Structures are given as structure tokens and as C-alpha cells.
Amino acid sequence: MKSTLIILLFSALTFILFIGCTANETETSQAHFELPDDGVQIVDAWARPGRDNGVSAIYMHVLNGSAVTDTLIAFSSPVAGLVELHETFDRGDGMMGMRESEEPFFPARSVVSMQPGGLHVMLMQLNRALSEGDEVELILTFSEAGEITITAPVRSPG
Ligand SMILES: [Cu+2]
């Protein structure tokens, strides 16, 4: 029941963002979001399904409303043995690869979007299966904003 409510909330948020997007013709990612007055806010987080002992990824929009660049310095999740910030890159052979991001930076007064095919928080060594409707807790530690705990609903991409 609780997870249904959270999914509904996320759906409503996505819908509002979508409306905001169509109402505003500009295509810059920042136009879709209202930055917080200060600090870091995370919106529209969701996680891919994953198998026990397998992997998953969490996507979100990171809104840094402060006047300084913030840096992600640590992550953890109760469902994963290892958590990393990954970026997707073109391997040059027609395939896409992913690797740990060496630039976990979130510039002042801007939005960094983690989306399929791009930046994502990689969950590895899952200690249980993640199925649609489940929730994943993720603790992000920023150098400036400190510790932020989010709950991401599990859903299939697309
Ligand atoms: Cu990855």
C-alpha cells in the first residue's frame, strides 16, 4: 500500500515535470526544474529491477541550489554490497560501456540528470532481488550538503 502511494507520487511528479516541459519550449535541462533556494534536492529517483546477487541502477535528477559546486563523496544502500557512480560511454565498437565516473561534481545552481544511457548510481552485489513495486533506500553523502537518504521505487525502464 505504501509503495503504491510512493509510485503514485512519483508518477504525479513526472506528470507535473512533463507539463512544465511542454509549457516551456526551451530544451535546457534546468528549465524543467525549480532549483531549491539552497542545498541539494533529489527528485524523481527510480531503480531498475535486478536479480539476487546481480546489479541494478538508480536514476534521478540532482538539483544543486547552492552557490557552490558539490561533490558526491560516498554512497551506500542496504540492498547492495557495492555502490558506485557510473557514466556510460561509447566504446567505439558500436557498443556502449560503463565505468566509474571520475567527476562526481554537481555545479552550483544547476541540475545534473542521471538517466538510462548516461550517468547512474550502480548497485552491485545485490543481497536480494529487486522487483517492480519494491523500494530501494540509497544514502548519498555530499561534501557540502552532507548525507541525503532517498527511497527509489523499482520500475522497468521505458
Ligand atoms: Cu553502471
Side-chain angles (χ1 to χ4, degrees), residues 3 6-7 9-11 13-15 17-18 21 27-33 35-36 39-66 68-158:
S3 61
I6 288 175
I7 288 165
L9 279 172
F10 272 93
S11 306
L13 184 60
T14 309
F15 184 66
L17 293 173
F18 179 72
C21 187
E27 280 301 316
T28 62
S29 62
Q30 294 187 31
H32 302 196
F33 304 100
L35 287 171
V40 168
Q41 190 184 343
I42 292 173
V43 298
D44 207 18
W46 62 280
R48 277 178 187 273
R51 285 191 299 243
D52 186 19
N53 209 24
V55 299
S56 175
I58 301 183
Y59 307 99
M60 69 194 78
H61 302 285
V62 181
L63 283 51
N64 183 2
S66 79
V68 292
T69 294
D70 214 334
T71 308
L72 250 179
I73 51 175
F75 327 80
S76 67
S77 171
V79 302
L82 184 61
V83 185
E84 289 179 350
L85 181 65
H86 277 188
E87 61 186 12
T88 307
F89 69 102
D90 190 342
R91 299 198 312 184
D93 57 0
M95 301 287 284
M96 301 302 281
M98 58 185 180
R99 61 191 170 201
E100 194 168 6
S101 171
E102 290 174 355
E103 299 186 340
F105 306 127
F106 299 85
R109 308 293 309 164
S110 41
V111 178
V112 173
S113 293
M114 300 189 195
Q115 290 169 319
L119 209 57
H120 54 277
V121 173
M122 194 84 196
L123 303 180
M124 288 165 282
Q125 302 166 12
L126 291 178
N127 55 30
R128 65 176 180 89
L130 301 178
S131 311
E132 224 158 331
D134 289 347
E135 291 172 357
V136 177
E137 188 177 282
L138 176 70
I139 300 138
L140 302 156
T141 309
F142 291 89
S143 59
E144 300 294 326
E147 203 172 278
I148 297 177
T149 299
I150 62 167
T151 302
V154 177
R155 68 173 202 228
S156 293

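Numbering of ligands and ligand atoms starts at 1, following listing order. Everything numeric here is computed off the predicted structure, so don't read it as measured data.
Here Met98 reaches the Cu ion (ligand 1): one of its N/O/S atoms is less than 2.8 Å from the metal.
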- Go through the steps for Arg51 and Leu126 under the test side-chain contact (heavy atoms from CB on, under 4.5 Å), then give the verdict. CA-CA 7 Å; Arg51 285 191 299 243; Leu126 291 178; over 6 Å; no

- Query: What's the verdict on side-chain hydrogen bond (donor to acceptor under 3.5 Å, both in side chains) for Ser110 and Asn64, showing C-alpha distance, side-chain angles and the deciding distance?
  - Reply: CA-CA 6 Å; Ser110 41; Asn64 183 2; over 6 Å; no

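Taking the N/O/S atoms of His86 in turn, the shortest distance to the Cu ion (ligand 1) belongs to ND1.
Here CG of Asn127 is found 7.5 Å from CG of Asp52. Values are rounded to the nearest 0.5 Å. With rounding to the nearest 0.5 angstrom, the CG atom of Leu140 is 5.5 Å from the CG atom of Leu72.
Of the angles at the Cu ion (ligand 1), the one spanning SD of Met122 and NE2 of His120 is 110° when given to 10°.
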